[in-house]
Amino acid sequence: MSTAVASAPTKPTAPRPTAPGRRRRKGRVAAWLRAVTITVVCLVVALPVIWMIAAAFKTNVQVTDPTVGLIFSPTLENFRNALADGAILRSLGNSLIVGVVSTVLSAVIAVPAAWAVGRFSMGRTGSLVLVARIVPAISLLVPWYYLFAQLGLVGSYTVLVLSHMFVSVPLILWIMIGFFEGLPIELEEAARTDGLSAFGAFLRIALPLAAPGTASAAVLAFIFSWNNFLFALILADENTMTMPVTLFNFISYASTDWGGLMAAATLMTIPVVLAAVFGQKYLVAGLTAGATKG
Amino acid sequence: MPTPTSTEAPTAAQRTAAPVDRGTTRRGRKVLTFEQANRRLKWSLLSPALGFVALMIIFPLVFTVNLSLTDAFGAVNADNVYIGLQNFADALTDTRRFWPAVWRTVYFTVGAVALETVLGLALAMLMRKAFRGMEIVRTVLMVPLLATPVAIGILWLLILDPTNGIANHLLGFVGIPPQEFLGSVSQSLPTLMLIDVWQWTPMMTLLLLAGLSTLPEEPEEAALMDGANAWQRFRHIILPMLRTTVLTALVLRGVDALKTFDVIYATKGPGGGSGFEAETLNVYAYGLTFDYQEYGLASAVLVLFTLFIVAIVVLLRRRTGRTEA
């Protein structure tokens with residue numbers, strides 16, 4: 001059976017199986033080729049990131065010497081410097097605060113909404129989510145800036161949280177609508193026959209069942225907030241600046257302090273890599289949600 | 001049976017349309033019918049999320065369209081004069097910055113998304129049947145699409161550094177002379193495209209794998225019995241069935257690729273480099289807005305850009321619809 005993919009187009013008209021020995025050998029070659037290809041792809045994908053992490057442990061002399069590969073005596077100097085720099089630590093903290101608060105608030109309003117859409121079907125909601133994805137964020141930034149400046153909020157955590165929620169509310173809606181539609185309705189109906197209200201059925205039955213979906217949507221929302229560069233670039237001030245903006249401001253020092261820059265970039269990337277390692281299954285489900293429905 | 005709905009697996013629409021038992025709702029002082037109660041609940045749960053997104057998007061859109069008709073410059077709340085469609089005329093006749101940015105955006109998006117689709121499809125086909133280490137491969141594939149774009153820009157700056165980067169060092173082994181990559185006018189955009197391919201092909205792969213996993217196996221088995229070879233089965237059986245997923249993935253990826261900003265801005269800086277060599281529409285609009293405070297013209301560019309994206313999405317989605325009809 002595994003040879004099916006492998007059988008070369010030598011005999012397109014012959015449904016009769018070829019000699020079993022030859023087929024098996026061909027299958028083995030194909031499986032081997034497949035393994036090699038996949039391994040090469042993984043290396044191409046992973047090595048640049050590994051190279052960055054390795055550079056974070058190198059001295060500045062080693063970073064700029066391409067003959068120093070992945071085997072060297074590591075130094076923690078770059079990380080020590082990065083963490084001693086108040087700006088980096090503060091922006092990491094800001095990213096964490098904005099990410100957590102915007103994700104929690106988004107989940108609180110988007111998860112019940114997604115359930116309502118999934119249970120009472122609301123065709124137009126999907127379009128709104130799509131519009132939020134299509135509109136270039138820059139076209140929103142000037143009006144937001146103007147509006148929030150009137151309210152005296154520019155540079156505050158509030159404005160960062162609100163702008164990040166603009167990304168995470170549609171994201172969580174998008175993922176959770178599909179998730180709730182996939183949950184069997186019978187359990188909720190049984191609970192309602194037993195005297196629970198519709199909202200009670202949501203709270204006590206659907207919500208606990210949706211915990212894995214909510215978790216993956218929330219982690220993705222946090223990561224998108226963590227990675228967001230544009231909003232904080234315009235809406236944050238020195239004290240609320242998030243890590244991507246700080247990282248961007250450090251690029252100009254690249255030629256003099258590659259190691260420090262790589263350490264900062266590594267600190268930024270580690271939480272995301274950890275999420276990928278431990279939440280792989282759920283995150284894939286969240287990222288591909290809705291894609292197969294069209 | 002406690003289920004009042006039909007016994008066959010109901011679709012979402014059928015479920016909600018199904019008549020519900022009224023007896024269970026008439027509890028306490030509530031005199032609302034079930035339908036009314038459902039509607040009220042539906043709207044009270046929906047309105048915070050929908051209201052938030054709508055507020056955050058409708059006011060800015062009106063604001064931007066309004067600005068695009070004025071000569072706003074320097075400060076948005078300074079005295080502006082309505083100048084009709086002058087900004088649009090200025091943008092559409094600008095062959096120095098606007099049109100080159102349009103072509104760069106199209107070139108970057110088409111090139112990157114086409115490569116990502118072909119590579120993603122090939123990779124998805126390879127990974128389709130389960131194998132040992134599948135979980136590890138998936139985890140590896142997640143990293144570039146979850147990593148911070150600014151950090152990705154920085155790591156490629158290091159790798160592609162013309163004098164000290166590992167890329168030129170490796171190219172030297174196979175006898176290729178050192179390249180300028182992001183440091184040169186002609187290579188910047190192709191290099192950025194390849195970075196995008198590195199970053200987003202895994203996403204394509206995961207989307208298409210999810211699509212492949214939903215396909216029925218019978219048609220392919222039937223074709224196999226009829227003697228179709230691997231390519232024929234892929235071309236005539238799998239690809240047509242996968243069409244909707246491919247088009248959806250194209251829409252999602254295409255929209256994001258058109259708007260690519262972080263990596264370009266992080267590696268090339270304002271204006272996409274000193275010769276504007278990597279200035280896409282998004283980077284151009286950003287510069288107009290925040291570096292030059294040309295709010296009127298920038299808004300016109302953004303309106304055109306948004307219409308452009310909407311047109312592409314509508315076009316692609318119509319094609320998706322036709323396959324289902």
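Order of the sequence lines fixes the chain letters, A, B, ..., with proteins taken first and strands second; residue numbering starts at 1 for each chain.
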Minimum heavy-atom distance [X]-[Y], with the two atoms named:
{"X": "A:T288", "Y": "A:V284", "value": "OG1-O, 2.8 Å"}
{"X": "B:V263", "Y": "B:P149", "value": "CG2-O, 3.6 Å"}
{"X": "A:A137", "Y": "A:L230", "value": "CB-CD2, 3.9 Å"}

Is [X] in contact with chain B via its backbone, its side chain, both, or neither, using a 4.5 Å heavy-atom distance?
{"X": "A:I223", "answer": "side chain"}
{"X": "A:A149", "answer": "neither"}
{"X": "A:T266", "answer": "neither"}
{"X": "A:M262", "answer": "side chain"}

Using a cut-off of under 4.5 Å for heavy-atom pairs, which of [options] has the most such pairs with chain A?
{"options": "B:L141, B:L242, B:V310, B:L155", "answer": "B:L155"}
{"options": "B:W156, B:F59, B:W231", "answer": "B:F59"}
{"options": "B:V140, B:L145, B:I154, B:L123", "answer": "B:I154"}
{"options": "B:L208, B:V143, B:D262, B:I309", "answer": "B:D262"}
{"options": "B:T64, B:L119, B:L126", "answer": "B:L126"}
{"options": "B:I159, B:N164, B:L258", "answer": "B:N164"}

Whether over 12 other heavy atoms sit under 6.0 Å from A:F278 CZ = no
Per-residue contact mode, [X] against chain A (heavy atom under 4.5 angstrom):
{"X": "B:V313", "value": "side chain"}
{"X": "B:S299", "value": "neither"}
{"X": "B:V255", "value": "side chain"}
{"X": "B:E135", "value": "both"}
{"X": "B:D256", "value": "side chain"}
{"X": "B:Y265", "value": "both"}
{"X": "B:W198", "value": "side chain"}
{"X": "B:F52", "value": "side chain"}

Among the options [options], pick out the one with the most heavy-atom pairs lying under 4.5 Å from chain B.
{"options": "A:T37, A:V277, A:L162", "value": "A:L162"}
{"options": "A:P112, A:A276, A:A55, A:S139", "value": "A:S139"}
{"options": "A:L220, A:I138, A:V272, A:I172", "value": "A:I138"}
{"options": "A:F199, A:W115, A:W51", "value": "A:W51"}
{"options": "A:L147, A:V68, A:V273", "value": "A:L147"}
{"options": "A:V49, A:L247, A:V41, A:T269", "value": "A:L247"}

Which value, rounded to the nearest 0.5 Å, describes the distance between [X] atom [atom1] and [Y] atom [atom2]?
{"X": "A:W144", "Y": "B:M56", "atom1": "CH2", "atom2": "CE", "value": "4.0 Å"}
{"X": "B:F63", "Y": "A:Y145", "atom1": "CZ", "atom2": "OH", "value": "12.5 Å"}
{"X": "B:R138", "Y": "A:L283", "atom1": "CZ", "atom2": "CG", "value": "11.5 Å"}
{"X": "B:M142", "Y": "A:K281", "atom1": "CE", "atom2": "NZ", "value": "13.0 Å"}
{"X": "A:D65", "Y": "B:I166", "atom1": "CG", "atom2": "CD1", "value": "9.5 Å"}
{"X": "B:T201", "Y": "B:L206", "atom1": "OG1", "atom2": "CG", "value": "11.0 Å"}

side-chain contact (heavy atoms from CB on, under 4.5 Å) between A:I109 and A:M165: does it pass, once the steps are laid out?
-> CA-CA 10 Å; A:I109 65 172; A:M165 278 174 72; 4.2 Å; yes
Under the side-chain contact (heavy atoms from CB on, under 4.5 Å) criterion, do A:M243 and B:V150 qualify, and how do the steps go?
-> CA-CA 10 Å; A:M243 190 58 188; B:V150 176; over 6 Å; no
Residues B:E220, B:K129: salt bridge by 4.0 Å N-O rule | no
Could you point out which residue of B:T139, B:I136, B:V137 forms a side-chain contact (heavy atoms from CB on, under 4.5 Å) with A:C42?
-> B:V137
